[in-house]
Every structure is written in C-alpha cells, then in structure tokens.
Q: 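First the structure, which I've put down as structure tokens, then a few questions once you've had a look.
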Amino acid sequence: MTTAESPADKTRAENRALLEGVSNALQKSDVREARRLAEQALAQGLEHGTLFSLRAIGHTEAGRHDEALKDLRRAHFLAPNDFAVLNALGLACVRLERLPEALACYDKGLAINPDFAPGWFNRGSVLERLGELGKSAESYARATTLDPNHLDAWASYAWIAARRGDAATTRLAAERALALNPDCTLASLALAAVELDTPDVAEQRLRTLIARPGLAPAERALALGQLGDVLDRQDRPPEAFAAYTQSNETLRDLAAPRFGVWGRETAADALGWMIQWAEALDARTWRAGADEVASRAGEREHVFLLGFPRSGTTLVESLLGAHPDVVTLEERGTLNAAILAFQVAPDGLKRLEAMTSRELQGYRDDYWRSVASFGVDPKGKIFIDKNPFGTLRLPLIWKLFPRAKVIFAMRDPRDVVFSCFRRRFDLNPSTYELLDLRRAARYYDAFMRFAGILREKQGLAEHKLVYERLIEDFEGEARALCAFIGAEWQADLDQFAERAQRGGVASASAAQISRGLFGDGVGQWRRYRDHLAPALPLLAPWVERFGYPAD
C-alpha cells in the first residue's frame with residue numbers, strides 16, 4: 001500500500017523540477033526558456049539567486065533598472081559568493097549612475113574570481129568615469145593580460161593612455177586593438193590623439209574615420225573635435241573652428257533630451273536665481289557664527305581651488321600636488337549632500353542663511369566622509385579640494401568652512417571661453433552651456449558676477465592666481481602659492497608633469513599637463529578673433545576688469 005503524497009512534498013517536487021528545468025535550459029544556452037521558468041518559479045514563491053538574476057535580465061531589457069537592481073541585490077544576498085551575480089549587480093549600478101556602489105561590487109567579485117577578465121574591464125570602465133585614470137589603466141591592462149583578445153580592453157587602455165599623454169602605451173595598445181578589429185573606432189581616436197606631431201597622418205586617420213558609414217554620433221563628435229585640434233596644429237583656424245562647431249552641435253543634439261528640454265531649468269537659469277540671492281545677501285548676517293566653526297582636527301590647512309574651467313586650475317593642482325606636504329582631490333562630488341539640501345531651489349539658500357554651525361555639522365561630516373571615500377587622507381597634510389565648478393558652491397563653502405582658504409584661478413576670458421568651446425568635457429548641465437559660443441560667454445559672465453559678489457561679501461582668505469603670470473614666472477608665482485597655503489618652497493615643483501603621466505590628473509587638461517609647463521594657451525584667442533566675434537562683447541568688461549589688453 002502506497003502513502004499519498006502530501007501537498008508539501010508535491011510543492012517541493014515541483015520546485016526541484018523548475019530548478020532542474022532552469023539548469024537544463026541554461027546548459028543548452030536557452031536563456032529565454034530559463035527566464036520563463038524562473039518567472040514561474042518566483043511567482044510560486046521559490047527563492048534562488050539564479051532565478052532573481054534571470055528575472056533581472058527581463059527588467060533590464062524593459063528599462064526597469066530599479067527593479068533589476070532589487071532582484072540582483074536579492075540574488076547576491078542568496079548567493080554572496082557568486083562572482084557572476086556581483087558582476088551583474090555592478091552593471092545594474094552603473095545603469096543607475098551608482099558608480100561607487102558598482103565599483104564595490106566589482107571589487108568583491110574580483111576578490112572571489114581574480115581571473116575574470118570582463119570584471120576587470122568593467123572595473124576599469126567605472127574607474128575611468130570616476131576620474132581615476134591611473135587605476136582605470138591598471139584594470140584595463142589586467143583584463144588584456146587575462147584575455148589578450150579582449151578588444152574593448154585594449155581600446156580603452158589605449159584611450160586612457162592617450163588622455164594621460166603616454167604616446168608609447170597608446171600606440172602599443174591601439175595597435176593590438178586594431179589587429180583584432182581594424183575598424184575599432186576608439187583605438188583610431190586614441191592614435192590620432194598622440195599623432196598631433198605628425199598632423200598629416202592624424203588628419204587622414206580622422207577624416208577616414210569621420211567618413212565611415214554607421215559611425216555613432218558620439219564617436220563622430222569626438223573625431224570632429226580631434227580633427228579641430230589637428231587643423232589648429234596646422235594653423236588652419238577657419239577649418240578648425242568649423243570642426244569644433246560641428247562636434248559641439250552633434251553633442252548638443254545628443255544631450256538636449258537631458259539638459260536642453262524646454263521648460264526644464266538649465267544651469268544658466270539656476271545661476272540667475274543664485275545671483276539674485278547673492279545680490280540681496282546681508283554679509284553681516286551671513287558671517288554671524290563663523291567663529292563657532294572649529295577647524296577639523298587633522299589637516300594643516302583646508303584649501304578650495306576654484307575658478308572657471310580652463311582657467312589653469314589643473315595646472316595649479318598638479319604643481320601643488322607634487323609637494324610632499326600636500327594632498328589634493330580633483331573634481332569630485334564632496335558637497336553633494338549640502339547641494340541637494342540648499343542649492344536645488346531658491347528657498348534653499350535662504351534656509352542656509354539661517355542655519356547655525358551646530359545644525360550644519362552633519363553636512364561637514366558628510367563632506368569629510370566623501371573625501372575619505374575617494375581615498376584621500378588629509379591628516380597632517382595641506383588638503384586642496386580642486387573643482388572649478390566648485391565656485392558655484394561658494395555659499396556652502398563659506399557656511400560650512402569659514403576658515404578655509406580659496407585659490408581663485410584667473411586667465412584671459414577670451415582664451416577661457418574659446419578653450420571651453422573647443423575641449424571635450426564629460427557633459428553635465430554646466431558643460432552643456434559651453435557647447436555654444438554665445439551661451440558659453442553668457443555663462444562665463446554670470447559665473448564671474450556670482451563669484452565676484454560672494455567673494456567680496458564673504459571675506460574668505462583668498463589668493464588670486466593669474467595663469468599668464470604663472471607661465472611667465474613659474475617660480476615666483478609658485479612660491480607665492482606655497483606661502484599662501486603654508487607650505488615650504490620646493491625647488492622641484494616644476495616636475496609636476498610626471499604625475500599627470502601616472503594618471504593623477506583626471507580633467508580635460510591631463511594630456512596637456514603631461515607635457516609640463518608651456519605657454520601655448522596664452523593668447524590663442526587672437527587666431528580665432530573673427531570666429532569669436534559673437535562672444536567678445538560679453539567678455540569685454542571682464543577683459544578690462546582683469547587688466548588684459550583689449551586686442
């Protein structure tokens with residue numbers, strides 16, 4: 001006589017069958033069937049890491065990235081040592097712009113399986129986006145060692161080397177990529193970037209690339225921008241300007257859905273209400289309570305390096321970063337919590353005015369946690385937080401750190417705006433304004449008005465660094481900088497180029513800084529005078545105020 005099967009036994013048997021079905025489907029590479037069975041199993045309440053991972057694929061394909069992240073987090077909880085789940089979780093975080101979290105996932109996965117080449121490539125990609133070019137290059141190189149046929153790793157390695165001004169590594173990695181795929185766009189762009197000394201070769205390479213059918217718009221924009229640099233090197237300003245313009249127009253079209261939608265506040269709009277607030281600010285009320293803020297134990301000095309992009313901030317950060325008593329942090333989101341609390345709407349700054357030192361302590365703590373998360377330890381050092389767009393955060397800097405010092409970099413406004421127009425930045429609401437010459441000039445004008453009002457009212461300890469003077473008299477200006485931040489003079493500070501070559505510079509100036517001290521950027525606007533005509537009237541008052549010759 002047989003015993004009747006209980007409902008619990010029947011359920012367990014069905015669950016085993018579903019899991020076996022999923023496993024068999026995966027062994028046959030039938031992912032569609034595996035996903036169907038996984039959905040069925042999850043609907044019946046069965047939990048298994050593989051099931052959540054498979055359902056996450058469907059969420060991702062449908063654009064439900066938050067749901068995919070939830071499923072992959074559950075999969076990781078159920079299978080904490082599954083490196084494939086950690087890799088997928090990292091990719092999900094990247095899609096949601098959670099880059100530090102993605103990096104942590106890749107690090108955990110690679111600790112479990114250090115021979116997983118795709119993981120090293122993904123890690124390198126995140127580090128590149130975080131501006132950690134040296135560490136990114138190391139990850140890409142590791143991926144190529146583990147998988148010599150990893151095309152994307154070779155191409156990305158070449159591109160990072162080009163950004164760092166490392167021509168030898170660029171050529172080696174790019175040639176390996178092109179051997180795997182002669183049509184590899186990124187490898188061709190990397191080679192062109194280090195061929196400026198042979199502009200005929202670079203021009204031919206870029207024109208061939210631009211003419212290629214099916215070239216992605218973003219790649220076309222990058223190639224056109226590089227072509228502009230090649231034509232500029234050949235002293236062909238009209239053609240160079242046309243290439244820069246085409247590049248920027250393409251980028252504007254691509255970025256418009258994010259930053260140029262009618263009715264959505266732009267960076268220029270936000271700057272407008274920030275100026276109105278600054279003009280009405282009562283400096284005496286603003287400064288009240290500043291003495292309550294104690295210096296944070298640890299760092300010798302706290303310095304913010306500000307200005308406008310392409311004003312020389314990267315050069316200054318590089319030379320000071322070469323000092324043994326200095327640690328620097330380049331263009332990281334150290335004030336994000338305070339920005340979200342006080343600078344996303346006009347009423348936020350009014351609330352900031354009324355905040356006491358004690359009430360703001362949590363935001364200071366968050367700032368220092370952010371600094372630490374980027375691998376910087378200011379203890380016993382002079383700490384320099386460099387970010388040209390940090391100028392927009394002067395209200396936060398003063399209210400949170402009234403005893404901090406500010407280095408404000410200045411350069412001929414015409415050179416600044418033209419340099420911003422011709423360089424390829426990572427796009428955000430502020431850099432989007434720089435893709436059009438007139439908008440770039442208007443943004444510069446508003447930016448400087450805001451900075452001028454606050455720097456006058458706030459009274460932070462400040463050192464104005466003029467780019468052209470630094471080029472003309474490096475030692476004299478560098479000595480003055482050291483004195484301002486409280487560092488003894490070091491005769492070898494002019495060797496800062498090596499730091500950029502190691503990947504210690506993340507900005508658009510990295511390749512230039514790797515060349516060392518040079519004066520190519522002084523007065524470059526004159527060769528483009530006619531093309532800059534739409535911007536010059538807006539810049540003229542600043543040219544006069546800063547003491548530059550009119551022509």
Side-chain angles (χ1 to χ4, degrees), residues 121 124-125 127-129 131 133 136-137 139-141 143-144 150-234 236 239-240 242-255 421-427 431 435 500-501 503 505-515:
F121 173 77
S125 180
L127 286 165
E128 181 179 355
R129 291 183 60 185
L133 300 191
S136 174
S139 285
Y140 288 142
T144 64
H150 199 307
L151 172 64
D152 291 337
W154 281 115
S156 298
Y157 188 27
W159 182 243
I160 290 292
R163 291 179 63 183
R164 296 164 65 184
D166 183 349
T169 301
T170 300
R171 290 189 174 92
L172 172 65
E175 287 167 3
R176 290 294 299 269
L178 291 170
L180 293 168
N181 179 5
D183 293 329
C184 180
T185 299
L186 190 60
S188 295
L189 290 169
L191 278 178
V194 298
E195 289 173 337
L196 286 178
D197 291 335
T198 53
D200 292 344
V201 174
E203 181 180 357
Q204 182 58 48
R205 186 185 302 280
L206 289 166
R207 291 196 183 279
T208 300
L209 182 60
I210 291 167
R212 181 183 297 168
L215 187 67
E219 294 171 335
R220 177 179 172 79
L222 193 53
L224 283 165
Q226 286 188 303
L227 179 60
D229 292 341
V230 170
L231 295 169
D232 177 80
R233 180 64 65 93
Q234 297 177 82
R236 296 156 65 182
E239 295 170 80
Y244 292 137
T245 301
Q246 290 179 58
S247 174
N248 285 3
E249 287 174 350
T250 303
L251 290 172
R252 280 183 61 79
D253 289 343
L254 288 172
F421 177 76
R422 67 182 287 201
R423 292 294 165 214
R424 277 75 65 194
F425 294 97
D426 291 334
L427 289 180
T431 56
L435 294 173
Q501 294 165 1
V505 176
S507 79
S509 307
Q512 293 169 296
I513 296 299
S514 70
R515 293 164 50 196

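What you see below is based on every heavy atom in this structure, not just the backbone, and it leaves out hydrogens, waters and symmetry mates. Computed from a predicted model, the values in this text were never measured in an experiment.
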Q: Holding to salt bridge (Lys or Arg N to Asp or Glu O under 4.0 Å), I want the full list of residues that pass it with E249, two or more places apart in sequence or in another chain.
A: none
Q: Using side chain to side chain contact (heavy atoms under 4.5 Å, CB included) as the criterion, list what pairs up with A255, not counting sequence neighbours.
A: R258, F259, L427, Y432
Q: Name all residues meeting the ring-ring contact (aromatic ring centres under 6.0 Å, His included) criterion together with Y244; count only those two or more places apart in sequence or in a different chain, and write none if there are none.
A: none
Q: Without placing hydrogens or testing angles, list every side-chain donor-acceptor pair under 3.5 Å for residues 175-193, not counting sequence neighbours.
A:
{"from": "N181", "atom 1": "OD1", "to": "D183", "atom 2": "N", "distance (Å)": "3.0"}
{"from": "T185", "atom 1": "OG1", "to": "R212", "atom 2": "NH1", "distance (Å)": "3.2"}
{"from": "S188", "atom 1": "OG", "to": "C184", "atom 2": "O", "distance (Å)": "3.3"}

Q: Using only heavy-atom distances, determine whether the side chains of E203 and Q234 contain a donor-acceptor pair under 3.5 Å.
A: yes
Q: State, to 0.1 Å, how close S156 and F121 come at their nearest heavy-atom pair, and which atoms those are.
A: OG-CE1, 3.6 Å
Q: Under the side chain to side chain donor-acceptor pair (under 3.5 Å) test, which residues partner T144, sequence neighbours left out?
A: none
Q: Determine the minimum heavy-atom distance between L231 and A243, stating which atoms define it.
A: CD1-CB, 4.5 Å
Q: Around D253, counting heavy atoms of other residues, nucleotides and ligands shown, do more than 12 lie under 6.0 Å from its CG?
A: yes
Q: Which residues pass the salt bridge (Lys or Arg N to Asp or Glu O under 4.0 Å) test with D229, sequence neighbours left out?
A: R422, R423, R424
Q: Checking Y157 now: which residues fulfil ring-ring contact (aromatic ring centres under 6.0 Å, His included) with it, not counting sequence neighbours?
A: none
Q: Evaluate F421 against T245 for side chain to side chain contact (heavy atoms under 4.5 Å, CB included), listing each step before the verdict.
A: CA-CA 8 Å; F421 177 76; T245 301; 3.7 Å; yes
Q: Tell me, please, which residues at least two apart from T208 pass side chain to side chain donor-acceptor pair (under 3.5 Å).
A: Q204
Q: Looking at every non-hydrogen atom in both residues, tell me the closest pair between G228 and A240 and how far apart they are.
A: O-CB, 3.4 Å
Q: Mind jotting down which residue pairs meet the salt bridge (charged side-chain N to carboxylate O under 4.0 Å, His left out) criterion with at least one end in residues 186-199? Sequence neighbours excluded, please.
A: E195-R205, D197-R233
Q: Please report the closest heavy-atom contact between R207 and L227, naming both atoms and the distance.
A: NH1-CD2, 3.8 Å
Q: Return the set of residues passing salt bridge (Lys or Arg N to Asp or Glu O under 4.0 Å) with E128 (not counting sequence neighbours), or none when no residue passes.
A: R163
Q: What verdict does the side chain to side chain contact (heavy atoms under 4.5 Å, CB included) test give for L224 and I210, after you've listed the backbone C-alpha separation in whole Å, the side-chain angles of each residue and the deciding distance to 0.1 Å?
A: CA-CA 7 Å; L224 283 165; I210 291 167; 3.8 Å; yes
Q: Can you list the residues that meet the salt bridge (Lys or Arg N to Asp or Glu O under 4.0 Å) rule with R252, with sequence neighbours excluded?
A: none
Q: Whether the side chain of N248 engages the backbone of L435 through a donor-acceptor N/O pair (distance < 3.5 Å, no angle test) should be reported.
A: yes
Q: To check you understand the geometry: which heavy-atom pair defines the closest contact between H150 and A143, and what is its length?
A: CB-O, 4.5 Å
Q: Any idea which heavy atoms bring V230 and P199 closest together, and the distance?
A: CG1-O, 3.4 Å
Q: Residues in side chain to side chain donor-acceptor pair (under 3.5 Å) with Q246, at least two apart?
A: none
